[in-house]
Structures are given as C-alpha cells and as structure tokens.
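Take a look at the structure set out below.
Chain letters run A, B, ... following the sequence lines, proteins first and then strands; every chain starts at 1.
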Amino acid sequence: MKVDGNNGAICVPATPGKNAIEVRGVRKVFGTGEAQVAALDTVSVSIRENEFFTLLGPSGCGKTTLLRLIAGFDFPSDGEIMLYGEDIAPLPPFKRPVNTVFQSYALFPHMTVAQNIGFGLEMLGKPRAEIDARVAEMLKLVRMEKLAKRRTSQISGGQQQRVALARALAPQPKVLLLDEPLSALDYKLRKEMQIELKRLQHETGITFIFVTHDQEEALTMSDRIAVMSSGKILQVGSPRDIYDRPAERFVADFIGETNFLDARIDSIEEGRAKVTLKSGATISATLPDGFKPDGEATVVIRPEHAKAVKDGGDISGVVENVVYFGTDTHVHIRLDDGETFTVRQQNARGAGTSFERGQRVGIVIGDDAAQILKD
Amino acid sequence: MATAAEIEKQAEAREVRNRWFLSAPALIIILLAASGPLLIVLLYSFLTPGPYGDVVWKFSTEGWVSVFLERDIFDDTLSFAGAHLTIFWRSLKLAIMATVATLIFGFPTAYFIATRPERTRDIWLFLITIPFWTNLLIRTFAVLQVIRNEGIINTALINLGIIDQPIQMLYTDFAIMVGMVYVYLPLMVLPLYASMEKLDFRLVEAGYDLYATRWQVLKRIIFPMVRPGVIAGSILVFIPAIGAYVTPSVLGGGKNMMFANLIELQFGQGRNWPLGAALSITVMAIVMVALLVYVRNTSGSEARHG
C-alpha cells in the first residue's frame with residue numbers, strides 16, 4: 001500500500017457496507033510470564049467507511065490499546081488489522097495512511113502552527129507549493145488563519161486542539177484516530193469542539209475512530225459505539241441501540257442511569273419475552289439478538305421510560321426523594337420488595353404530577369421500555 | 001516608635017546583608033580559584049623570563065610577541081611563528097574530532113539509557129560513571145595497553161591471521177583520538193541524557209504517525225529538542241580536549257605536540273614563563289570566541305523566535 005493514499009477529492013462518498021477498518025481476533029498481551037496482562041482479549045470489530053465510530057469504556061478497558069494498534073505504535077500479539085482489505089498490523093506507523101490526534105496533542109514545540117500542520121505532508125515529500133496550499137486550507141478549516149506563525153506554546157488549549165486536528169487531517173488520512181482529544185478542555189470548550197469535530201468529519205468525509213470514557217460525548221457524536229470493558233468489546237451499535245437496548249449489565253450501567261429489576265421468564269416469541277416481576281406484574285421485554293434465556297433474568301428500564309402514577313401501575317412503592325434538575329425531576333422510589341427505582345419526569349409547563357416524600361405511588365412501565373440482559 | 005517606613009527600611013537593609021552573606025562562599029571561590037590565578041597568569045605574560053625559569057619583575061611584551069612571531073637568534077629579525085600555529089591547528093582539529101566522535105557514540109548511548117524503564121536507568125548511568133573512579137593517567141595507560149603493538153587488538157588480529165605485522169596505532173593522532181573519546185565520553189553522555197530524559201516521547205510517536213521515518217524523526221524532532229544537551233555536552237568535551245595534556249603525552253608519545261604540551265614546555269625545559277602564560281591566555285580567548293560562535297549558531301533558531 002502506498003503511504004500517500006488518498007489525494008483525491010476531500011469528500012469521499014460513503015459506500016454503504018464498505019469497511020474502512022476490520023479488526024479480526026486481535027489480542028494484545030503486555031509483560032511476560034507471571035506479570036502477563038491481556039490488554040485486549042480477542043477483539044473483532046468492523047468500522048465502516050465514513051463513519052464516526054467511538055470506542056467507549058472506563059480507563060483500562062483497552063480502548064486506547066486498540067487505537068494504538070490501529071495507529072501502529074504497538075503491534076498485536078495475535079490477529080489481523082485490515083485497512084480496506086489489507087493487513088496493516090505488521091507495518092510501522094509511518095507506512096500507514098492513518099493519523100492520530102493525541103490526548104496531549106503532542107504538538108512539536110520547536111515549530112510554528114503552520115510548520116506543525118505541514119509536517120506530515122513534508123514527510124510525504126510533497127512539493128512546497130502543495131504543502132503551503134494545503135496548510136492554508138487546513139488553517140481555514142479549523143479557523144486558525146491568524147495564528148499560523150505562532151509557536152504552539154503561545155496559543156491556548158482549545159487552539160492547540162484545533163492545530164492537532166488540522167495536523168492530523170492535513171495528509172488526508174484514510175482513517176483519523178482521536179485519543180480522548182477533548183478531555184483536557186473545560187466544559188464549554190468541550191461542547192464547542194464536539195460540534196466542531198462533527199462538522200470536520202462531515203466536511204472531510206474521513207472515517208473517525210474516537211476514543212472516550214465520556215458516555216454523553218459518545219452518545220451525542222457517534223454514528224456507532226463500541227462499549228468496551230476489561231479488554232473486550234461488549235456491544236456495538238448506534239447510540240440509540242446502546243442506550244435503549246443494552247445487552248449486558250455493564251453496558252446498561254455504564255451508559256446513563258438505569259433501573260435493574262429481577263424477573264422470571266414466562267414465554268419467548270420473536271425477540272420478545274413475557275416476564276413476571278417480583279411484584280407479580282407481568283410485562284413484555286425485548287431480548288438481545290439471538291439470546292434465549294430461561295428461568296431468571298435481569299430486566300433494565302431507563303428512568304424516562306417509566307411513569308409514576310398516584311394509583312395503579314405495574315409495580316408500587318413509596319417515594320423516598322424528589323430531586324429537581326431544571327429540565328426534569330427525578331423521583332426515587334423504594335419498591336415494596338426493597339429495591340430502589342428511579343423515574344424521570346419532564347418538567348414541561350403545566351404537565352406532570354408532583355409527588356411528595358412518603359407518598360405511595362405506582363409505576364407504569366411503558367410498552368417497549370423493558371430490556372432483558374444477557375448476564 | 002518606629003514608623004512603618006523605618007521598619008521596612010531596616011528589613012531591606014537586613015535583606016541586603018543576608019544576600020551578601022549567603023553569596024560570600026561563591027564569591028570567595030570565584031575570586032580565589034578562578035579570577036585570582038587567571039590574573040596572575042595575565043600578569044606573568046607581561047614580565048621578563050628569568051634565567052632558570054620563573055619571572056623577573058620587569059615589564060616586557062616579548063612573551064606576547066613570541067606567541068605569534070619568531071625572533072631569529074642570529075639577526076634578531078621577526079618572522080611568523082608557524083610552529084605554534086601548526087600545533088594549535090592540530091589541537092583544534094583533534095578536539096573537534098574528539099567532540100564529534102563522542103557525540104556520535106554518546107548520542108545513541110544516552111538515547112538508549114533514556115528509553116530504558118525508569119528503574120534500570122540509574123544502573124546504566126552508574127555504569128557510565130564507573131571510569132571516573134579511576135585516575136585519568138591509569139585509564140590512559142589502559143588504552144595504551146589495548147592499542148600498543150603487542151596489545152590485545154594486534155595480538156588478536158595476528159593470531160587470527162588477518163594481519164602479519166602489527167598495525168601501528170600507538171603514538172599516532174588516532175591513538176590520541178581514541179584516548180580522548182574514551183576519557184570524555186561520560187561528559188557527553190550525561191548532559192545528553194539529562195535533556196533526553198525530559199524529552200516527551202509522545203512527540204516521537206506523533207512524528208512516526210505523520211510519516212516521518214526513523215531518521216527523519218531523529219533529525220527533525222529528537223535532535224532539535226535535545227539541542228541544549230548537545231551544546232552542553234560538546235562544550236564539556238571540547239574544552240578539556242583542546243587543553244588535553246596527559247592523553248597526548250602518553251598515547252601520542254610526545255611526538256605530535258599538542259597545545260597543552262607546548263605550554264608545559266615553556267614552563268619546564270623552555271624556561272619561558274611569560275610565553276607560556278601568553279599562550280595559555282591565547283588558547284583561552286580562542287576557545288571562548290569559538291564557543292560563543294558555536295552556541296549562537298546552534299541555538300540560533302530558538303533565540304530568534306523565542
């Protein structure tokens with residue numbers, strides 16, 4: 001594969017179903033003998049062309065390791081990494097048409113902003129005129145034209161972030177890797193950069209692989225998310241899939257707030273199951289793909305998918321606490337079986353019932369609200 | 001009662017006193033150990049040589065004249081002192097070559113140590129400093145044992161049948177170079193290591209990521225960032241190298257005179273202390289100018305933008 005890759009049009013039309021990256025059975029083990037640690041435990045995942053793909057998980061889950069394997073800073077102990085059908089796993093980083101935005105930005109302090117952005121093109125041996133034109137284009141893309149001649153130590157954190165992005169995008173990589181690039185920014189700037197990143201991905205049409213531990217960031221920005229834990233990918237899906245249909249306890253717990261309820265499986269039909277809750281109420285719940293449980297199972301219900309009512313409901317309990325959040329209110333309920341359950345109600349003007357501490361309430365679980373977990 | 005202004009004034013006076021008191025040791029050392037002897041050397045260079053060495057307290061510029069010019073002993077005419085220039089040129093050449101050689105060997109060594117896990121770095125540094133424990137003369141004789149005609153290298157090569165006559169390495173400029181590189185290597189490695197240890201290796205990764213090959217990363221990223229270490233190491237090696245005395249005497253066999261040997265000659269057999277003093281100051285001045293030019297050139301790009 002040629003290093004200088006795609007010098008064609010900036011906007012690569014997305015070919016549905018075409019994979020930019022395919023990770024096949026990749027394992028990464030650090031250390032030897034007794035001290036051996038598997039940072040990645042047989043991971044397989046496909047990342048589609050032109051996709052904003054996020055690796056989400058807590059620190060130490062292996063997401064950065066996977067990114068470094070794709071970048072070429074580390075080599076897999078086992079398995080293949082395919083870039084457009086070609087195994088890049090044995091190639092050094094400078095022979096891979098992928099670029100990285102580092103968490104620390106890693107800007108070269110002895111070069112100006114423009115020199116930083118032009119570095120990759122210079123290393124590819126592009127003619128000076130082309131480099132200058134491309135650097136100008138990149139500076140415009142990240143709105144940094146005025147600071148081109150500055151040293152990287154003379155610009156703010158947010159500006160450094162933009163330079164890091166421009167530098168990684170300048171050589172027109174086939175895939176852009178982003179290693180928690182927003183974690184060093186304050187809240188407001190982070191929100192701004194999230195929108196900026198989406199804009200850049202849209203305008204450049206480059207496949208983005210984004211690593212983060214921030215579930216909100218992952219949900220708002222991604223086309224698809226892979227949730228990782230302890231060196232494994234637990235679930236891959238759209239943000240809506242991941243949020244509404246978590247397949248495992250870890251995924252449900254890590255992303256958003258969730259209520260867990262014990263249930264007994266009564267009958268199964270076409271991806272759904274009838275379950276009986278401890279309270280005796282029978283509800284319908286969605287099953288994870290290809291999963292056929294029997295006996296006991298755990299059901300998850302998102303707080304906004306349930307409704308608290310004064311009378312009736314599927315389960316009942318006593319209001320323990322009411323917390324006002326501005327846009328919505330959280331009602332914490334102690335169920336009759338001793339478990340806690342949270343209901344989130346929108347604070348639309350004139351809508352919603354108000355509850356008080358100690359009040360007995362019922363909980364209505366909406367159709368399609370409950371999801372059965374694999375574990 | 002003292003006003004606030006008076007108290008402040010007293011405190012200030014105390015502060016000034018403390019400052020002088022605390023800097024006294026440094027000032028004394030600079031005056032006694034550095035400036036004092038230097039002034040004496042300067043003074044001697046303007047006196048008349050005594051018949052059995054030493055100096056006669058009579059002003060003369062003869063010492064300085066003989067640095068650059070030779071007085072013919074028969075007709076008293078002055079001609080250019082070509083021998084001094086030759087000797088100086090050889091010293092300069094060998095010192096520069098030794099500096100470059102220690103840089104070539106020291107750079108990978110320092111890089112190797114800086115990239116070891118933190119726990120083992122100290123061990124490597126310790127190994128680098130071990131030669132310092134032995135006297136310079138003994139270390140130089142050790143080199144002599146290795147490269148002399150009946151030494152390890154020649155014996156091994158002859159026994160292996162690669163050569164039938166020993167290669168003459170001892171008493172050549174090559175021998176002096178080997179000796180100096182061996183002796184001064186730690187002086188290059190330590191400052192280089194100090195700046196490499198601070199190097200952010202994520203920048204190296206960023207370089208590889210942006211299609212720079214290993215050589216390009218070295219040239220465009222690592223080298224510019226460890227430049228202070230390169231400068232410090234070069235100065236630390238170059239200064240003792242240009243004034244090297246023991247190494248050229250032992251390994252060069254005094255055949256090819258170096259500047260330090262020339263100076264020593266004036267204070268010994270030559271019995272011309274003023275000329276020796278003038279030569280010392282000359283070499284010092286040249287080294288100083290050379291270093292100023294070197295430092296300004298190598299750190300130039302930083303300083304201009306800084």
Side-chain angles (χ1 to χ4, degrees), chain A residues 2-5 31 64 67-68 70-74 91-113 115-126 131 149-154 163-164 166-173 175-179, chain B residues 103 107-108 110-112 114-121 191-192 194-234 294-306:
Chain A
K2 264 173 69 191
V3 174
D4 50 3
T64 297
L67 200 76
R68 289 175 62 83
I70 298 172
F73 303 135
D74 286 314
L91 295 179
F94 52 84
K95 290 201 176 144
R96 301 181 184 204
V98 298
N99 288 125
T100 309
V101 177
F102 294 84
Q103 184 171 12
S104 59
Y105 313 145
L107 298 177
F108 305 126
H110 55 290
M111 297 181 197
T112 63
V113 165
Q115 284 169 335
N116 262 283
I117 296 173
F119 188 81
L121 296 163
E122 209 181 313
M123 291 301 111
L124 287 171
K126 300 282 175 209
I131 296 174
K149 294 278 174 286
R150 290 274 191 95
R151 294 245 143 193
T152 55
S153 53
Q154 296 167 330
V163 176
R167 186 179 70 174
L169 284 169
Q172 292 172 310
V175 176
L176 186 75
L177 309 173
L178 303 106
D179 185 10
Chain B
L103 187 60
F107 200 93
Y111 189 82
F112 173 82
T115 49
R116 288 315 94 192
E118 220 160 306
R119 282 172 297 116
T120 50
R121 279 185 215 160
L192 270 179
S195 58
M196 275 183 198
E197 191 204 28
K198 280 181 273 168
L199 183 72
D200 184 353
F201 281 92
R202 286 172 298 192
L203 296 175
V204 175
E205 280 188 350
Y208 287 137
D209 188 62
L210 292 161
Y211 312 111
T213 57
R214 288 175 184 88
W215 168 246
Q216 284 168 325
V217 164
L218 180 71
K219 202 177 81 179
R220 297 291 306 273
I221 294 161
I222 299 176
F223 203 78
M225 297 199 65
V226 300
R227 195 174 260 157
V230 174
I231 293 173
S234 305
Y294 173 69
V295 170
R296 184 156 298 181
N297 281 340
T298 42
S299 56
S301 62
E302 296 294 299
R304 270 200 298 279
H305 295 280

Interchain contact, A:Leu107 with chain B, by part (heavy-atom threshold 4.5 Å):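 Contact with chain B: backbone only.
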Test item: A:Arg150 side-chain N/O and A:Gln154 main-chain N/O as donor-acceptor pair under 3.5 Å: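 Side chain of A:Arg150 to backbone of A:Gln154: a pair is present.
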Looking at B:Leu210, B:Ile221, B:Val217, which has the largest count of heavy-atom pairs under 4.5 Å with chain A?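 Most heavy-atom pairs under 4.5 Å with chain A: B:Leu210.
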A:Phe108 six-ring centre to A:Arg167 NZ/CZ under 6.0 Å and within 45° of normal: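 That pair qualifies as a cation-pi contact.
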Who among A:Ala106, A:Pro92, A:Ala164, A:Ser153 has the most heavy-atom pairs with chain B under 4.5 Å?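 Option with the top pair count is A:Ala106.
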Should we say atom CZ of B:Arg121 is surrounded by more than 12 heavy atoms from elsewhere, each under 6.0 Å from it?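 Atom CZ in B:Arg121 is crowded, with more than 12 foreign heavy atoms closer than 6.0 Å.
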Heavy-atom pair of closest approach, residues A:Pro171 and A:Asn99: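 That would be CG-OD1, 3.4 Å.
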